Amino acid sequence: MLQTTMKKSVILTGFMGSGKSTIGARLAQVLNYKFVDTDAMIVKRDGRSISQIFLEDGEDKFRHWESVISQELADRERLVIATGGRLMLDENNASVLGRNAHIFCLTAEADEIIKRLQRNSEQRPLLNVSNPTERIRILLEQRADKYARFPQINTSGKTIEEIVKEIIRCISMI
Ligand code: S3P
C-alpha cells in the first residue's frame with residue numbers, strides 16, 4: 001500500500017559514517033524507488049573525486065555542486081536520496097530539496113562513527129587532517145543542533161533491515 005501510493009522522495013541526512021548510502025540503497029529496493037547518492041552524482045558530473053574537487057577548487061566548489069544537485073532532484077518523485085553529510089544543513093538546500101520529501105537523520109554514537117570512519121576516511125577530505133578523531137568530534141558538536149531539527153533514526157546496534165523497517169514505519173505514520 002505504502003509503496004504504491006507514496007510519491008514523495010525520502011531524504012537521508014546525517015553525519016559521515018551514519019550509514020546513509022547503505023541504508024538508502026536498501027530502502028530504495030524495498031520501496032521500489034530509485035536510489036541516488038548526491039556525492040556520487042557530483043563525482044560523476046564533475047569528473048573528479050570529492051577529494052580532488054576540494055584540493056583543486058576548494059570546498060566552495062563542492063558546496064556549489066551540492067546546491068545544483070539539490071535543485072535538480074527537488075522536482076523528482078519516488079527517490080531515496082542519500083545526501084552528503086552537510087548538504088541538508090544548508091538552509092537553501094533543505095528548503096528546496098526537502099519541500100516535497102520525507103527527511104530522516106541517521107545517527108550513531110560518536111565512538112561508533114569514529115570506528116566506522118577509520119575504515120575509509122581518506123575518501124573524505126574534511127577528515128584528511130593530522131587528528132581525524134578530534135575533527136570528527138568537533139564537527140559533530142558544531143552540527144548537532146542542525147541535525148537535531150530532523151526526525152532521528154538511531155542506527156547503533158541495529159541491522160540494515162531493522163533500520164529500513166523503522167524508517168518505513170515512520171513514513172507510514174506521517
Ligand atoms: C561531507 C560529507 C561527505 C561529502 C563531503 C563533505 C560533510 O559525505 O559530502 O566529504 O561535510 O559532512 P558523506 O556524509 O556521505 O560522507
Side-chain angles (χ1 to χ4, degrees), residues 9-28 34-74 79-94 96-98 101 103-156 158 160 163-164 167:
S9 291
V10 181
I11 297 172
L12 300 182
T13 182
F15 199 75
M16 295 173 260
S18 59
K20 293 162 294 188
S21 302
T22 308
I23 301 300
R26 180 65 188 139
L27 180 64
K34 186 172 161 44
F35 173 67
V36 295
D37 178 310
T38 60
D39 285 346
M41 286 180 74
I42 292 169
V43 168
K44 194 166 173 204
R45 193 73 66 83
D46 185 281
R48 293 175 292 175
S49 70
I50 296 174
S51 294
Q52 271 176 306
I53 299 173
F54 269 66
L55 194 70
E56 292 168 13
D57 287 351
E59 182 173 348
D60 284 355
K61 172 75 180 182
F62 178 76
R63 300 302 174 195
H64 174 70
W65 267 126
E66 289 193 318
S67 68
V68 170
I69 296 289
S70 298
Q71 304 268 0
E72 284 183 20
L73 294 177
L79 297 179
V80 174
I81 307 170
T83 56
R86 211 200 75 176
L87 184 145
M88 288 296 284
L89 305 188
D90 176 278
E91 303 280 345
N92 287 331
N93 294 345
V96 168
L97 190 55
I103 308 169
F104 296 96
C105 178
L106 304 187
T107 68
E109 295 301 324
D111 287 345
E112 170 81 25
I113 297 247
I114 288 163
K115 216 190 303 165
R116 292 182 194 173
L117 289 174
Q118 267 161 0
R119 284 173 237 142
N120 53 3
S121 68
E122 72 284 348
Q123 292 161 26
R124 294 178 162 101
L126 291 180
L127 305 182
N128 195 5
V129 293
S130 57
N131 189 343
T133 301
E134 191 192 8
R135 182 95 166 108
I136 291 168
R137 290 195 192 281
I138 291 169
L139 284 172
L140 276 169
E141 204 177 304
Q142 283 174 348
R143 296 177 178 185
D145 288 353
K146 288 188 171 178
Y147 285 130
R149 291 192 301 217
F150 301 108
Q152 309 276 297
I153 304 282
N154 185 358
T155 63
S156 285
K158 293 180 193 159
I160 296 172
I163 298 163
V164 165
I167 294 172

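Treat the numbers as computed from the prediction; the structure is a model and nothing was measured. Counting starts at 1 for both ligands and their atoms, in listed order. What's counted below: heavy atoms across the whole structure, side chains too, no hydrogens, waters or symmetry copies.
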* Where does Leu126 meet ligand 1, judged by heavy-atom distances below 4.0 Å: at the side chain, the backbone, both, or neither? -> side chain
* Asked: Could an N or O of ligand 1 be found under 3.5 Å from any N or O of Arg63, whether backbone or side chain?
  -> yes
* Asked: Under 3.5 Å between some N or O of ligand 1 and some N or O of Pro125?
  -> no
Considering heavy atoms of the protein only, find what lies nearest to [atom] and give residue, atom and distance to 0.1 Å.
atom: atom 16 (O) of ligand 1; answer: Arg124 NE, 2.7 Å
atom: atom 12 (O) of ligand 1; answer: Arg143 NH1, 2.7 Å
atom: atom 1 (C) of ligand 1; answer: Gly85 N, 4.0 Å
atom: atom 9 (O) of ligand 1; answer: Asp39 OD1, 2.8 Å

* Asked: Which residues satisfy the side chain to side chain contact (heavy atoms under 4.5 Å, CB included) test with Asn92, sequence neighbours excluded?
  -> Asp90
* Asked: Taking C-beta and beyond as the side chain, do Phe150 and Thr107 meet within less than 4.5 Å on heavy atoms?
  -> no
* Asked: Can you find a pair of side-chain heavy atoms, one from Thr38 and one from Leu73, that are under 4.5 Å apart?
  -> yes
* Which of the numbered atoms in ligand 1 are below 4.0 angstrom from a heavy atom of Phe62? -> 4 (C), 5 (C), 9 (O)
* Structure fact -> Atoms of ligand 1 under 4.0 Å from any heavy atom of Lys20, numbered from 1 in the order shown, are 13 (P), 14 (O), 15 (O)
* Going by an N to O cut-off under 4.0 Å, is there a salt bridge joining Glu134 and Arg137? -> no
* Non-hydrogen atoms of Pro132 and Leu127 that approach each other most closely -> CB-O, 3.6 Å
* If every non-hydrogen atom of Ala101 is compared with every non-hydrogen atom of Leu97, which pair is closest and at what distance? -> CB-O, 3.9 Å
* Does Gln123 reach ligand 1, in the sense of a heavy atom lying below 4.0 Å from it? -> no
* Qualifying residue for side chain to side chain donor-acceptor pair (under 3.5 Å) with Thr155, from Glu109, Lys20, Arg116 -> Arg116
